[in-house]
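Throughout, residue positions are numbered sequentially from 1 according to the sequence presented. What's counted below: heavy atoms across the whole structure, side chains too, no hydrogens, waters or symmetry copies.
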Amino acid sequence: MRTLTAPQRTTAVIAALQHPTPTRITARQTFIDRLALRLALALLLWSTRPGTDREEIDARRRERLARDAREAEWDRRRALLVPRR
């Protein structure tokens, strides 16, 4: 294609290629809309989380029981070391 003899664009084509001008003020999201979007995102993230398996649940229970036993032992020893009045 030769650029010297190429047809020039008309003003109608140039106007169609430009961004439209806003005729009114765009509406902002309301508080309810923002809250609904945040809730939807939270539910989506919550629903796609990986599930815990039985072994992990049992390991957490054993760790909790061991921690409770250690804390009870510390409380018992502290009670024995307190001077009597």
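- In this structure, Asp53 has no salt bridge (charged side-chain N to carboxylate O under 4.0 Å, His left out) partners at least two apart in sequence or on a different chain.
- Screening Glu63, Arg62, Arg61 for a side chain to side chain contact (heavy atoms under 4.5 Å, CB included) involving Leu65 leaves a single residue, Arg61.
- Applying the side chain to side chain donor-acceptor pair (under 3.5 Å) definition to pairs two or more places apart or across chains, those involving residues 32-41 are Thr30-Asp33.
- Members clustered with Leu80: none, using a 4.5 Å side-chain heavy-atom cutoff among hydrophobic residues.
- Considering only residues two or more places apart in sequence or on other chains, Leu81 meets the side-chain contact (heavy atoms from CB on, under 4.5 Å) condition with none of them.
- Environment of CD in Glu71: crowded, with over 12 heavy atoms of neighbouring residues, nucleotides or ligands closer than 6.0 Å.
- Hydrophobic cluster membership for Leu45: Leu41 (Ile, Leu, Val, Met, Phe, Trp, Tyr linked by side-chain heavy atoms under 4.5 Å, directly or transitively).
- Grouping Ile, Leu, Val, Met, Phe, Trp and Tyr by side-chain contacts under 4.5 Å, direct or through others, puts Phe31 with Ile32, Leu35.
- Listed by first and then second residue, the side chain to side chain donor-acceptor pair (under 3.5 Å) pairs that reach into residues 72-83 are Glu73-Arg76, Glu73-Arg77, sequence neighbours excluded.
- Applying the salt bridge (charged side-chain N to carboxylate O under 4.0 Å, His left out) criterion to Arg60, with sequence neighbours excluded, gives Glu56.
- Every side-chain contact (heavy atoms from CB on, under 4.5 Å) that Arg49 has, sequence neighbours left out, goes to Trp46.
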